[in-house]
Structure formats: structure tokens, C-alpha cells
Amino acid sequence: MKKNLFLLVALLLFGLTAIAQSRTITGTVTDLNDGSPLPGVSILIKGTAKGTSTDQLGRYSLAIPDNNAVLVFRFIGYKTQEVKVGKQNVVDVKLQLDTHTLHEVVVVEQSMPRALAGKMAGVFSRRDAAENMTYAPVHVPLSDAAPLVHNTENYDFIKENAFLDAQKNPLSTFSIDVDNASYSNVRRFLNQGQRPPADAVRIEEMVNYFNYDYPQPTGDAPFSVTTELSVSPWNKNNQLLHIGLQGKRVATDQLPPSNLVFLIDVSGSMFSPDKLPLVKAGLKLLVEKLRPQDHVSMVVYAGAAGLVLPSTSGKDKKKIIAALDQLEAGGSTAGGAGINLAYKVAEDNFVKDGNNRVILASDGDFNVGVSSDSELQRLIEKKRETGVFLTVLGFGTGNLKDSRMEQLANKGNGNYAYIDNIREAQKVFVNEFGGTLFTIAKDVKLQLEFNPAKVKAYRLIGYENRALANEEFNDDKKDAGDMGSGHSVTALYEIVPVGTSSETQAGNVDALKYQKTSIDPKAKRTDEMLTMKLRYKEPDGETSRLITTTVSSQAIPAAQTSDNFRFSAAVAACGMLLRDSEHKGTASFPMVLELAKNARGKDEEGYRIEFVNLVKSMGLLSDGR
């Protein structure tokens with residue numbers, strides 16, 4: 001009897017001890033360098049499948065079995081950290097960005113040892129990175145290299161703009177481009193120790209990734225126009241013309257109500273951590289920005305498409321986030337069906353005078369139903385007539401269909417961004433919330449008429465897939481780029497002035513047989529280098545408005561140029577080097593580095609210092625060009 005009683009007491013004490021040790025741990029996960037909260041961090045109890053993830057404020061709550069529990073904190077682009085709980089009830093963790101790859105790696109060819117490949121997944125640090133890092137290349141013997149993973153990424157061929165004779169081709173016409181997907185995609189390649197494919201480098205998107213200090217518009221137009229002319233950094237005999245448009249910033253509380261449809265690819269190709277898990281973490285950031293008057297619906301597609309969340313007010317954030325948390329990847333990819341359903345849901349909940357938009361998140365790998373590029377583009381062109389805009393977000397590596405996603409955004413009155421880490425998601429959905437989702441002007445086109453008395457030849461840098469026929473400038477039926485609240489657009493022209501010793505030549509064309517071209521005597525007497533015209537429409541308008549301005553031929557000295565001018569020139573030169581452009585002149589990575597370091601400006605978000613540090617790794621990946 002006493003023995004049984006003793007056993008009973010022992011079991012009771014053991015149970016009470018276990019209950020005492022089993023408890024709920026709370027805490028916050030932040031960035032070690034700037035203290036910002038990290039949403040979507042995975043937290044597992046080591047040795048088990050039990051875990052949780054942080055919310056939008058970086059907070060978490062997790063029940064642990066005992067004091068011996070070890071928590072494992074994992075997040076894309078950060079170093080994994082393990083913490084033994086012990087008797088703590090609050091466990092706050094600071095994660096460190098994984099920046100070591102740029103100290104260690106230059107990959108020969110595009111293969112690497114398996115052990116080294118695991119080190120290549122870092123996201124390069126921003127303003128916290130030391131500016132004067134030094135790098136020791138590691139040359140990997142090909143005999144030690146792992147076999148290449150089959151890569152099906154797809155990029156449109158880019159035929160670079162050539163120099164044109166200003167007398168024979170005085171007009172240059174193009175659509176604006178506010179997309180910036182190319183820069184974050186190029187950054188992804190460089191962070192993996194690879195030189196990006198030439199056609200992945202769209203120079204205008206790299207330039208437009210960054211914010212520029214342009215003045216806010218003061219008149220009726222939704223954007224201001226800034227121009228600056230100086231010597232070209234990569235060809236001292238030529239000039240560089242910098243054109244900047246700055247969209248009007250509209251306060252969040254003054255923006256119209258939103259009717260958003262999240263269109264999410266949950267096919268099997270979206271399984272990896274840099275795809276669907278990152279999609280969910282990024283969209284949660286957006287959900288936290290929504291107001292009660294905003295509404296969200298959610299459509300998913302894999303083998304088929306379905307509505308998983310009807311239109312829900314932004315005040316019911318828990319319901320929207322719960323719907324996101326339930327998503328899992330698997331199956332084939334019926335992208336066309338998903339697009340059709342998403343637009344139908346957007347139309348059913350259409351808000352007059354509001355922001356009606358489909359947000360497509362995918363790697364672009366559509367393979368069921370309507371899947372060819374031409375079919376998808378025609379589908380999107382038809383759908384844009386409903387007044388619903390389109391934002392396209394690209395995710396992942398290995399099978400990214402960049403060309404398809406860019407064209408869908410172009411045809412859908414929208415914008416395209418590539419999200420490679422949670423920082424980029426924060427940039428798109430938090431820092432640039434208005435510009436990403438709220439259009440202030442659509443079908444924005446530029447047409448420059450060069451004065452052949454002042455300009456011998458010129459070349460538009462980038463914008464190759466945004467070129468328009470000259471007669472399309474006045475055609476209001478012709479679709480063009482759209483500008484969001486607070487967005488800036490930058491364009492650069494390299495110019496060969498008349499009377500210089502520049503060796504740059506425009507293409508040679510035989511003299512015309514039936515007509516002659518001559519320069520108006522007035523053109524020689526004016527100081528004007530060019531006349532610039534802009535057309536745009538109101539977001540719900542069908543008739544364009546015209547803005548006209550002129551640019552003087554009086555260039556300013558290089559030492560007096562603005563940070564905007566020098567930094568955009570640095571990024572453009574970097575793009576030409578990565579493309580190995582025939583027009584790169586004397587550009588080099590040290591030159592790019594020098595330009596960019598001295599043009600950082602305010603750089604409140606640290607994007608420019610990130611570029612500065614990234615350029616240092618680019619030099620290692622180059623072959624001396």
C-alpha cells in the first residue's frame with residue numbers, strides 16, 4: 001500500500017513538473033542591423049515538426065514541452081540561429097543578414113561544388129554593409145563542380161538601341177517604364193555568384209529601381225519634368241541628357257478605396273521557400289497597409305482556378321491572413337483560367353472612381369489551358385478594357401518566365417516587380433505602397449525632336465521594348481506605360497554634339513533620291529537642343545493631354561551635376577558592362593563605383609549603398625571588361 005502511494009505521489013510530482021515546464025514562449029524577431037521587425041520568420045522546436053512563424057510585427061507565440069527546448073529561427077537571406085529556451089518566457093532574437101558569400105565566391109563558369117552552393121543563398125546587406133569590403137576570389141576547379149541544374153528561365157532578346165542621325169531621324173518616341181524587376185533579378189544572380197544573362201539586364205529598369213530627388217509637380221499635371229545635360233562619363237566627347245519625371249505623391253488616407261484581387265500561383269513549381277512562402281509573407285505586409293474601405297479577394301490556381309476568399313474589408317486582417325496561411329503548393333499551372341476568374345471577381349466588386357487591381361504572384365510557368373504568350377497577351381489586352389489594372393510579381397529561380405510576366409504587365413496597364421527576398425517585398429508593398437497600387441496617369445509617352453543644328457547623333461539608353469512608332473505618339477488608342485503615386489521615371493540619352501571630335505557614328509544610310517533634307521536656318525540661331533513632348537491620360541480618361549518643353553544645348557560641367565545625374569549614369573554604365581554593350585566606351589566597374597559612391601544623396605532606405613557594395617562583387621564576376 002505504501003509502495004503504491006509512493007508511486008502515485010512520484011507520478012503526481014512528475015506531472016506537475018512537466019506541466020510547470022510546458023509553457024508558452026513569446027518574443028519578437030528583428031533585423032540585427034536596423035532593428036526592423038521580420039515577418040514570416042520560421043520558428044521550429046528542434047527535433048520536432050512543431051513550430052510557428054512571426055506576424056507582421058515580427059512577433060510570435062509558441063508552446064514548448066520543457067526547459068530543454070531549442071528554438072530554430074530560419075528566414076530567407078538571414079543566418080539560421082538556434083536558441084535554448086531554458087527558464088525564459090520571452091525570447092527575443094536578432095537575425096543577421098547572410099552577407100558572407102560576397103567575401104568568398106567567384107564562380108568559374110556557372111558550376112560550383114555542392115558544399116559551396118549552400119553558401120550562395122545570402123541576400124546582400126544594405127546600408128549596414130561596410131563600404132570598403134575586400135574580396136578574395138575563390139576559383140573553383142571544374143572537376144570539383146556539381147552538375148548544372150536544368151534552368152528554364154526565359155528572357156526576351158534585347159537588340160540595343162543604336163545611334164541615330166539627328167537630321168535623318170529627328171524624332172525619338174517611347175513609352176515610359178516604371179517596372180524595376182530587372183534590377184532585383186540581376187541582384188539575385190550576382191548574390192548567387194553568377195553573371196546575369198545579357199537579356200535579363202534591362203537598363204531602364206535598373207535605373208528606375210532607385211528613388212531620385214525630383215521636385216513635386218506644382219501645376220495641374222500629375223508629374224513634374226526635370227532635365228540635365230553634361231558630359232558622358234564613359235565618352236568624354238559625347239554628352240549625357242538626363243530626363244526625370246516625378247509623380248505627385250498622394251497621402252495614403254487620401255487615396256481612393258481599393259478593390260484588390262490576389263491571384264496566387266499555388267502550382268507545384270511554387271513549392272520552394274523563395275516562391276509561395278515568400279509570396280505569403282510579402283502579401284501579409286500589404287494586408288497590414290490596408291484600410292477599412294479597401295477590400296481584398298483571393299483567387300488561386302494550380303490544375304484549376306478557385307476563389308478562396310470573397311471580397312473582404314481591410315479591417316478584417318486576421319481573416320485575410322488566415323486565408324493566406326492555408327495556401328499550399330501542388331499541381332500543374334492553369335494560369336489563363338486563374339486570370340479569367342480573377343478579373344471576373346474584380347469586375348463583380350468593381351469600385352467606381354476607386355483602385356481596381358489584380359495582383360498576380362507567380363513564377364510565370366503557365367502550362368495548362370491558355371498558356372502561349374500571344375494568347376495570354378490578347379487575354380490581358382481584352383481584360384484591361386474593364387478598367388481593372390494589373391500588378392505582376394515574379395518569384396523564384398530556375399524557371400522564372402521573365403519575358404512573359406513583363407509583357408503581361410505591359411499589356412494590362414500595370415507594373416512588374418521581381419521579389420527575391422522579404423526586403424524587396426517591403427520595398428514594393430510598404431515603402432512604395434502608393435506607387436505600386438495607385439495609378440495617377442496612364443498611357444504616358446515621350447517624343448523628343450532633336451535639333452540637327454546642335455545634335456549630330458543620339459541614342460536612347462534602354463527602353464528597347466518600349467519603343468513606339470512616331471505616329472503612335474498622337475494616337476490615343478495606343479497603350480503606353482502608367483505612373484503611380486510618388487513614382488519617378490528616369491530616361492537617359494547619349495548625344496553626339498555637332499562640331500565635336502567624337503568617334504561615335506550613326507548608321508550609314510544612302511542619300512535619298514527623290515527628296516532632300518535641309519536644316520531650317522532658325523534651328524542654327526536657337527539655343528534649343530531639342531523639344532520634348534509628353535502625352536498622358538487621367539486614370540479613367542480616354543483623351544490624352546499634352547505637355548511641351550525645350551532643353552538648352554548649354555551643358556553644365558561634370559563637377560556641378562546633381563546626385564541624380566551621376567547616380568543614374570553609374571547604374572546605366574553598370575548595365576552596359578553587364579550586357580557587354582558595344583556602346584560602353586571607357587566604362588569600368590571602378591568608374592561605376594566612383595560615380596555611385598559620390599552620388600548617394602539622402603539614401604534613407606539604403607538602396608544606393610546596397611548598389612555600391614553590389615558593384616564591388618560585379619567586378620569580381622567580370623573578366624576585366
Side-chain angles (χ1 to χ4, degrees), residues 255-266 279 283 286-287 289-302 304-316 319-320 323-324 327 333-362 364 366 368-371 374-393 404-405 407-416 434 436-443 476-477 479-482 484-485 537-543:
L255 291 169
S258 288
N259 162 37
L260 304 178
V261 180
F262 294 168
L263 174 56
I264 304 173
D265 182 352
V266 293
V279 170
L283 290 178
L286 173 57
V287 170
K289 295 286 290 183
L290 298 179
R291 306 158 300 175
Q293 62 265 41
D294 301 323
H295 284 74
V296 170
S297 308
M298 199 177 303
V299 172
V300 299
Y301 63 94
L307 177 67
V308 298
L309 180 73
S311 185
T312 302
S313 169
K315 69 180 179 182
D316 199 353
K319 183 177 180 181
I320 301 172
L324 282 168
L327 301 183
T333 317
I339 290 171
N340 271 311
L341 179 57
Y343 272 92
K344 181 181 184 304
V345 172
E347 292 170 48
D348 289 345
N349 297 284
F350 193 87
V351 178
K352 187 178 180 181
D353 298 325
N355 170 44
N356 299 278
R357 184 176 296 267
V358 171
I359 300 176
L360 168 61
S362 173
F366 305 157
V368 174
V370 175
S371 59
S374 57
E375 286 179 297
L376 287 166
Q377 288 178 31
R378 280 193 289 270
L379 174 61
I380 292 296
E381 284 180 329
K382 181 179 179 181
K383 293 299 183 181
R384 76 176 180 222
E385 297 173 3
T386 64
V388 177
F389 290 74
L390 177 67
T391 290
V392 179
L393 306 175
R404 172 178 294 163
M405 302 186 79
Q407 286 302 315
L408 291 182
N410 291 350
K411 299 297 183 182
N413 280 350
N415 51 313
Y416 169 40
T436 300
L437 299 181
F438 297 91
T439 300
I440 60 172
K442 69 177 183 180
D443 294 341
D476 282 353
K477 295 180 181 179
D479 182 59
D482 307 311
S485 168
K537 298 174 188 172
E538 298 291 338
D540 57 353
E542 297 301 326
T543 303

Residue pair Lys537 / Glu542: nearest heavy atoms and the distance that separates them: CE-O, 3.7 Å

Heavy-atom check, side chain of Val358 versus side chain of Lys383, under 4.5 Å: no

Residue pair Tyr343, Leu390: steps toward the side chain to side chain contact (heavy atoms under 4.5 Å, CB included) verdict: CA-CA 9 Å; Tyr343 272 92; Leu390 177 67; 3.6 Å; yes

Asn356 (side chain) donor-acceptor with Val351 (main chain) under 3.5 angstrom: yes

Side-chain donor/acceptor of Asn340 to backbone N/O of Ala337, under 3.5 Å: no

Atom pair NZ (Lys442) and CG (Asp540), whose distance is rounded to the nearest 0.5 Å: 7.0 Å

Donor-acceptor contact below 3.5 Å, side chain Asn259 vs main chain Asn349: yes

Over all atoms of both residues, closest heavy-atom pair of Gly338 and Val299: O-CG1, 4.1 Å

Tyr301 side chain near Val266 side chain, heavy-atom distance below 4.5 Å: no

Any donor-acceptor N/O pair, Thr386 side chain to Arg384 backbone, under 3.5 Å: no

Closest non-hydrogen atom pair between Pro257 and Gln293, with its separation: CB-O, 3.5 Å

Shortest non-hydrogen contact between Leu263 and Ala342, atoms and distance: CD2-CB, 3.9 Å

Asn355 side chain to Pro256 backbone, donor-acceptor under 3.5 Å: no

Lys319 side chain vs Leu309 backbone, donor-acceptor pair below 3.5 Å: no

For the student: nearest non-hydrogen atoms of Asp265 and Ser362, plus distance: OD2-OG, 2.9 Å

Separation of Ile440 CD1 from Glu538 CD (nearest 0.5 Å): 9.5 Å

Heavy-atom closest pair, residues Ser313 and Pro292: OG-O, 2.8 Å

Partner set under side chain to side chain contact (heavy atoms under 4.5 Å, CB included) for Asp348, not counting sequence neighbours: Lys344

Ile380 vs Ile339 side-chain heavy atoms within contact, under 4.5 Å: yes

Step-by-step side chain to side chain contact (heavy atoms under 4.5 Å, CB included) determination, Lys382 to Leu379: CA-CA 5 Å; Lys382 181 179 179 181; Leu379 174 61; 5.6 Å; no

Set of side-chain hydrogen bond (donor to acceptor under 3.5 Å, both in side chains) partners for Asp482, sequence neighbours left out: none

Candidate pair Met298 and Leu327, rule side chain to side chain contact (heavy atoms under 4.5 Å, CB included), full reasoning: CA-CA 11 Å; Met298 199 177 303; Leu327 301 183; 4.2 Å; yes

Donor-acceptor pair between Arg357 and Ser258 side chains, under 3.5 angstrom: no

Whether Asp443 side chain and Ala480 backbone form a donor-acceptor pair below 3.5 Å: yes

From Val300, Ile359, Leu393, residue fulfilling side-chain contact (heavy atoms from CB on, under 4.5 Å) relative to Ile264: Val300

Spacing of CG belonging to Leu408 relative to CD belonging to Glu381, to within rounding of 0.5 Å: 10.5 Å

